[in-house]
Amino acid sequence: VQLQASGGGLVQAGGSLRLSCAASGGTFSSYAMGWFRQAPGKGREFVAAIHRSSGSPYLADSVKGRFTISRDNAKNTVYLQMNSLKPDDTAVYYCTASSRLQYYSVSSDYRDETNYDYWGQGTQVTVSS
């Protein structure tokens, strides 16, 4: 599976961006999809994920109420709508796909990056104050 993320950029605090991740080479609807991010000098952290079929979302506490994850299985694309952006949201955002996360997987499973099989190249999001 190949993942191509896009939509990053420079935005002022309080602004919005929508990231997209297009998948190819696999059966998109069979993968749970996620977004992680990595800020300079920090480790990679979970941002959001979405169930492969139900569309149930999982969000990090730091982005709840501001970010929304969605997917369009007909377009093989997952989206991350980011509103009310803060300088702390500045990071490289990575799209990822998992074939391991199943119907019985719990929230903590979606937050664990080791459960994801495929990673995109990342897209830079910079939020200025």
Side-chain angles (χ1 to χ4, degrees):
V1 175
Q2 291 78 47
L3 303 173
Q4 181 69 44
S6 61
L10 173 64
V11 65
Q12 290 188 332
S16 298
L17 283 174
R18 187 176 82 155
L19 304 184
S20 299
C21 176
S24 61
T27 304
F28 182 73
S29 60
S30 67
Y31 294 96
M33 300 297 295
W35 290 94
F36 284 72
R37 67 186 180 187
Q38 187 166 20
K42 295 186 178 181
R44 193 156 55 187
E45 67 169 351
F46 171 78
V47 177
I50 188 165
H51 191 278
R52 58 183 179 174
S53 57
S54 72
S56 295
Y58 303 87
L59 295 167
D61 290 344
S62 59
V63 306
K64 281 181 181 176
R66 300 188 299 122
F67 291 11
T68 303
I69 186 170
S70 61
R71 66 189 296 159
D72 186 336
N73 286 350
K75 295 183 177 180
N76 292 353
T77 301
V78 63
Y79 305 97
L80 185 67
Q81 177 67 44
M82 305 186 295
N83 300 327
S84 302
L85 282 161
K86 305 175 181 180
D88 284 349
D89 295 318
T90 295
V92 177
Y93 283 70
Y94 296 92
C95 174
T96 184
S98 172
S99 62
R100 309 181 207 181
L101 291 167
Q102 303 295 327
Y103 68 92
Y104 50 79
S105 297
V106 296
S107 176
S108 58
D109 295 332
Y110 284 84
R111 300 167 190 273
D112 184 353
E113 66 176 275
T114 64
N115 285 326
Y116 292 86
D117 307 290
Y118 306 98
W119 294 83
Q121 85 288 359
T123 184
Q124 176 70 49
V125 172
T126 303
V127 184
S128 63
S129 58

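Position 1 is the first residue of the sequence, and the numbers go up from there. Values reported hereafter were calculated over all heavy atoms of this structure, with side chains retained and with hydrogens, waters and symmetry mates removed.
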TODO: Go through the steps for Glu45 and Arg111 under the test side-chain contact (heavy atoms from CB on, under 4.5 Å), then give the verdict.
DONE: CA-CA 8 Å; Glu45 67 169 351; Arg111 300 167 190 273; over 6 Å; no
TODO: List the steps and the verdict of side chain to side chain donor-acceptor pair (under 3.5 Å) for Ser99 and Asp117.
DONE: CA-CA 7 Å; Ser99 62; Asp117 307 290; 2.9 Å; yes
- [ ] Show the numbers, then the answer: is there a side-chain contact (heavy atoms from CB on, under 4.5 Å) between Asp109 and Arg100?
- [x] CA-CA 10 Å; Asp109 295 332; Arg100 309 181 207 181; over 6 Å; no
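For the side-chain hydrogen bond (donor to acceptor under 3.5 Å, both in side chains) test, residues two or more places apart in sequence or in another chain that qualify with Asp89 are Arg37, Arg66. Partners of Thr114 by side-chain hydrogen bond (donor to acceptor under 3.5 Å, both in side chains), not counting sequence neighbours, listed by chain and number: Asp112. In terms of the side chain to side chain contact (heavy atoms under 4.5 Å, CB included) criterion, residue partners of Ser54 (sequence neighbours excluded) are, by chain and number, His51, Ser56. With sequence neighbours excluded, no residue satisfies side-chain hydrogen bond (donor to acceptor under 3.5 Å, both in side chains) with Gln38. With sequence neighbours left out, Thr126 forms a side-chain hydrogen bond (donor to acceptor under 3.5 Å, both in side chains) with Gln124. Listed by chain and number, the residues in a salt bridge (Lys or Arg N to Asp or Glu O under 4.0 Å) with Lys86 amount to none (sequence neighbours excluded). Take Pro87 and apply the side chain to side chain contact (heavy atoms under 4.5 Å, CB included) test, not counting sequence neighbours, and it matches Ala13, Val127, Ser129. Taking Ala5 as the reference, Trp35, Cys95, Gln121, Thr123 meet the side chain to side chain contact (heavy atoms under 4.5 Å, CB included) condition, with sequence neighbours excluded.
Legend: disulfide (SG to SG under 2.5 Å) pairs involving residues 22-55, not counting sequence neighbours: none detected. Identified under the ring pair (Phe, Tyr, Trp, His ring centres under 6.0 Å) test for residues 4-32, with sequence neighbours left out: Tyr31-Tyr118.
Cluster partners of Val92, by chain and number: Phe36, Phe46, Tyr58, Tyr94, Leu101, Tyr110, Tyr116, Trp119. The rule joins Ile, Leu, Val, Met, Phe, Trp and Tyr whenever side-chain heavy atoms lie under 4.5 Å apart.
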For residues 16-27, please give each side-chain donor-acceptor pair under 3.5 Å, one per line with the distance, not counting sequence neighbours.
residue, atom, partner, partner atom, Å
Ser16, OG, Asn83, OD1, 2.9

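A donor-acceptor pair under 3.5 Å links the side-chain atoms of Ser98 to the main chain of Asn115, judged by distance alone. The closest donor-acceptor contact from the side chain of Arg71 to the backbone of Asn76 lies at 3.5 Å or more, if one exists at all.
Placement of Val125 and Phe67 within a single hydrophobic cluster is found when ILVMFWY residues are connected by side-chain heavy-atom separations under 4.5 Å, directly or transitively.
Taking all atoms of both residues into account, the shortest heavy-atom contact from Leu10 to Ser128 is CD1-CB, 4.4 Å. In this structure, Leu59 and Lys64 approach most closely via the heavy-atom pair O-CE, 3.3 Å.
Heavy atoms from other residues, nucleotides or ligands lying under 6.0 Å from NZ of Lys75 number 12 at most.
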